[in-house]
Amino acid sequence: MPDRLSQLFVRTLREDPADAEVRSHKLLVRAGYIRRAAPGIFTWLPLGLKVRRRIEKIIRDEMANAGAQEVFFPALLPKEPYELSGRWKTYGDGIFRLTDRKGADYLLAPTHEEMFTLLVKDLYSSYKDLPLTIYQIQDKYRDEARPRAGLLRGREFSMKDAYSFDIDDAGLDSSYQKQRDAYERIFQRLGIEYVIVNADNGLMGGAKSEEFLHPTPVGEDLFVRTDSYAANVEAFVTTGLAEIDASSTPAAAVHPSPNTPTIETLVDFANANWARDDRKWTAADTLKNVVLKLTHPDESTELVVVAVPGDREADLKRIEVAFAPAEVATAEAEDFKNYPELTVGYIGPWSESGQFLGEKHPAKIRYFADPRVVNGSAWITGANVHGHHAINVVAGRDFTPDGYIEAAEILAGDQAPDGSGPVEIARGMEIGHVFQLGRFFADVLGLQVLDQNGKLVTVTMGSYGIGVTRLLAILAEENNDEKGLIWPKNVAPYDVQIVAAGKDDSILDAALALAGDLESAGFDVLVDDRAVSPGVKFADAEIIGVPSIVIVGRRAGEQIAEFWNRGTGERKEVHFSEVAALI
RNA sequence: CGGGGCGUAGCUCAGCUUGGUAGAGCGCGCGCUUUGGGAGCGUGAAGUCGCAGGUUCAAAUCCUGUCGCCCCGACCA
């Protein structure tokens, strides 16, 4: 029997919910697909579940094509595996923790690397068992500091996570490639635009890491791209900077510089008082020294100073990557108390007696610089004396950083590392992530197998995730108009929605008969059999977004219906027998 | 965690400045009419005004505290 709208558990809303901001969130709630249960946590109604199942179907298809087998882990897990991997701690407030009646600690899994690793360890012990790729589609839990945008960033979300297990790096490369290919097919089948970008490997080390980003203004990640290069800004590597010949640069000198609290005022002051012959000073001539507080995994803290050219902001995300696994925060007044060497507002690598910042220099504070601070570059920077700046402070001559890290923000127009020219910057939402974990989890959890020589070797792993409910939200975000949702055919909750438009019983009978025929022909059919005015039915059909709508009305007696393409808006009268071919 | 906004009927909101009978639209029930674009008329049910304390003869409204939600930022394998 086709589903009848009069019986379907759904209620459409005429107005946008007050707590929704992004389009997908508003429409999914208004059209009766989901309901909010708690911040970032949603209840799924029949329509929403149907779409979700259809997305999962496509993912399962492609996982099967890629030779991956489905398993299913609990969402509620004991803490021990996570203690072994260290993530019970490193996840911090990001996981939901709970305690059973005996006082034992549990967590709602944010992701399942440990469990997959232990399962394979449990069952397999020979190289002959490998390679293996297994996956699950399971709800994940993360206690996000701020859930937002409905399904796009929830605290409970469905994710397909796959893991590959190989004996050697070549095997890992091959398993990785299979999943990567599968991801491309999945996103293509779903009609979701994506870019593959190089990503940061995070805490777990490993070799390759690539993110599938969907370019969208509601995205949370920034990425850069050219025709041939794409990377998350976190993974962008600055290259192609040549050393500068500083042999004619005058010696560094300290000058008073009152009332220059910002880069802008400093540049103005420099041009007014230290004018140079060849050109004006610009922000790019100043060196900004940012004081950061590192919190190491053992909870110890340390202040470090990071230098970036004054015309760029320091990018904390990029810096975080460089200092991982330490956590990075900007230093606050409190933190400076223990560091009287630091003259806030006038911090610099050099003072009149020579290099000042750096592990082996008077301040004993580690000093790092962005690669743009090339040897020979000359800077206006703090002189470590209140109210004074130094000019012509030359990198490599007057100071040498303890190390170089990617610290400055990336700007549109920067050169791509592969030489393909200036990059553009865009916003994207992560929809998939493939990456080579390597042996991190296998090491800490002891996943080893015997190789051909009878020797124990540690297995190498890959991890491959796709956010299922996030994909659904993105599909809703991309496929709609002012009237409502417009689902792509392969994920729509129904193939066709039949609207019985007219009060005569014969119209409803004809609609039901047509529905029965279409269902027999293999279509998933929804019939609007309600005793409401046609306007209501049309409006609901539009917001629900089934791509093919068939109106059975005035000419039902002649077996004539109107076929309505929700996407194009095109409507035309056709004989009942022709409907199937149009769906 | 920092900044901003908001909690009044199932939903979207008004009322609060200036204290005095708790409202509208939509939705929901019933009756009649209507049936190709959220239809009409009549009638009805529905609210501890987030919570707690205080001021007052009297608090949705003023004061204090507290909880929650949304947005921006920080954060986000």
Side-chain angles (χ1 to χ4, degrees), chain A residues 11-22 25-26 29-30 32 35-41 82 85-87 90-95 109-114 140 142-150 152-155 157 159 161 163 199-206 209 211 218-221 232 234 295 315-317 320-321 324-325 327-330 332 429-430 433-437 440-441 461 463-465 467 470 483-484 499-505 507-508 528 530-543 549 551-556 561-562 564 571 573:
Chain A
R11 185 103 318 158
T12 58
L13 273 36
R14 195 185 285 244
E15 283 162 299
D16 286 334
D19 59 2
E21 196 67 18
V22 301
H25 188 190
K26 289 176 180 170
V29 171
R30 273 186 60 197
R35 301 289 301 168
R36 195 193 78 106
I41 302 178
Y82 286 77
S85 66
R87 295 207 299 176
T90 55
Y91 244 111
D93 292 331
I95 48 178
T111 171
H112 282 79
E113 280 85 356
E114 288 85 351
K140 308 290 185 188
R142 293 186 194 172
D143 191 3
E144 298 288 349
R146 187 155 90 81
R148 69 184 84 185
L152 284 172
R153 177 162 219 89
R155 295 197 294 173
F157 57 95
M159 175 164 147
D161 51 331
Y163 301 86
D200 163 44
N201 292 339
L203 299 181
M204 290 170 247
S209 174
E211 282 173 350
V218 300
E220 308 177 307
D221 289 309
N232 193 303
E234 293 171 32
T295 306
D315 185 330
L316 272 186
K317 282 190 180 181
E320 182 107 31
V321 171
E327 283 176 33
V328 179
T330 50
E332 289 165 28
M429 176 62 77
E430 181 181 350
H433 194 170
V434 291
F435 86 105
Q436 301 192 344
L437 286 172
F440 178 85
F441 286 96
M461 298 168 53
S463 157
Y464 317 96
R470 182 177 279 185
K483 296 292 183 59
V499 173
K503 65 171 175 179
D504 200 309
D505 280 349
I507 289 176
L508 180 57
D528 192 345
R530 296 173 302 173
V532 297
S533 73
V536 172
K537 295 187 179 186
F538 295 151
D540 278 346
E542 283 170 317
I543 194 163
I549 301 167
I551 304 166
V552 176
R554 311 183 193 95
R555 302 187 64 186
E562 195 172 340
W564 179 7
R571 294 158 79 146
E573 292 202 319

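Lettering of chains follows the sequences in order, A, B, ..., and the numbering in each one begins at 1.
Residues A:Pro110 and A:Ala539 both approach RNA chain B. Their nearest nucleotides, taken by heavy-atom distance, put A:Ala539 toward the 5′ side. Each of A:Gly150 and A:Val536 has a nearest nucleotide on RNA chain B; the 5'-most of these lies closest to A:Val536.
Taking atom C1' on both nucleotides, B:G15 is separated from B:G20 by 14 Å, rounded to a whole Å. One P atom belongs to B:G31, the other to B:C70, and the distance between them is 41 Å to the nearest Å. The separation of B:G3 from B:A9, taken at their C1' atoms, amounts to 33 Å, rounded to a whole angstrom. Taking atom P on both B:A59 and B:G53, the two are 13 Å apart, rounded to the nearest angstrom. For the P atoms, the distance from B:G19 to B:C26 is 33 Å, rounded to whole Å. Nucleotides B:G27 and B:G40, compared at atom P, are 9 Å apart to the nearest Å. Comparing the C1' positions of B:G47 and B:C28 gives a spacing of 15 Å, expressed to the nearest Å. Between B:G4 and B:A77, the distance separating the two P atoms is 29 Å to the nearest Å.
Summarising the geometry, the separation between CG on A:Asp19 and C1' on B:C11 is reported as 11 Å, rounded to the nearest angstrom. With rounding to whole Å, A:Arg155 atom CZ is found 12 Å from B:G68 atom C1'. Rounded to an integer number of Å, the gap from A:Lys537 NZ to B:A39 P is 13 Å. Nucleotide B:G38 holds its C1' atom 12 Å from the CZ atom of A:Phe538, rounded to whole Å. Distance CD1 (A:Ile507) to P (B:G36): 8 Å, rounded to an integer number of Å. Here B:A77 presents its P atom at 13 Å from CD1 of A:Ile95, a figure rounded to the nearest Å. Following rounding to the nearest Å, A:Glu21 (CD) and B:G5 (C1') show an atom-to-atom distance of 11 Å. Taking atom CD1 of residue A:Ile551 and atom C1' of nucleotide B:U35, one finds them 14 Å apart after rounding to whole Å.
Remark: A:Glu562 CD to A:Ile551 CD1 distance equals 4.5 Å, nearest 0.5 Å.
When heavy atoms are screened at a 4.0 angstrom cut-off, A:Arg555 is found touching no nucleic acid atom at all. Within 4.0 Å of A:Glu114, counting heavy atoms only, lies no atom of the nucleic acid at all. Contact annotation for A:Thr12: base contact, defined as any heavy-atom pair under 4.0 Å involving a base atom. Across all strands shown, A:Ala149 has heavy atoms under 4.0 Å from sugar-phosphate atoms exclusively, and none from any base. Contacts of A:Val499 with the nucleic acid, taken as non-hydrogen atoms under 4.0 Å apart, are absent.
Put simply, A:Arg30 has no side-chain N or O that comes within less than 4.0 Å of OP1 or OP2 on B:C11. For B:A77, neither phosphate oxygen OP1 nor OP2 lies less than 4.0 angstrom from any side-chain nitrogen or oxygen of A:Arg87. The phosphate of B:G27 (OP1 or OP2) has a side-chain N or O of A:Arg14 nearer than 4.0 angstrom. For the pair A:Arg153 and B:C76, the criterion of a side-chain N or O lying under 4.0 Å from OP1 or OP2 is not met. Checking the phosphate oxygens (OP1, OP2) of B:C11, no side-chain nitrogen or oxygen of A:Arg11 falls inside 4.0 Å.
B:C41 and B:G31 make up a base pair, with Watson-Crick or G-U wobble contacts both under 3.5 Å. Using Watson-Crick or G-U wobble geometry with both donor-acceptor distances under 3.5 Å, B:C26 finds its partner in B:G10.
Between the side chain of A:Glu15 and the base of B:G38, no donor-acceptor pair of N or O atoms lies under 3.5 Å.
Checking B:G38, B:C69, B:G37 against the side-chain heavy atoms of A:Arg36 singles out B:C69 as nearest. With B:G37, B:A77, B:C71 as the choices, the nucleotide that has an atom nearest any side-chain atom of A:His433 turns out to be B:A77. When distances are taken from the side chain of A:Ala18 to each of B:A77, B:C75, B:U12, the shortest belongs to B:U12. Among the nucleotides B:G36, B:C71, B:C13, the one closest to the side chain of A:Arg554 is B:G36. The side chain of A:Pro39 has B:C70 as its nearest neighbour among B:U12, B:C70, B:A74.
Counting heavy atoms of neighbouring residues, nucleotides and ligands inside a 6.0 Å radius, atom CZ of A:Arg571 exceeds 12 of them.
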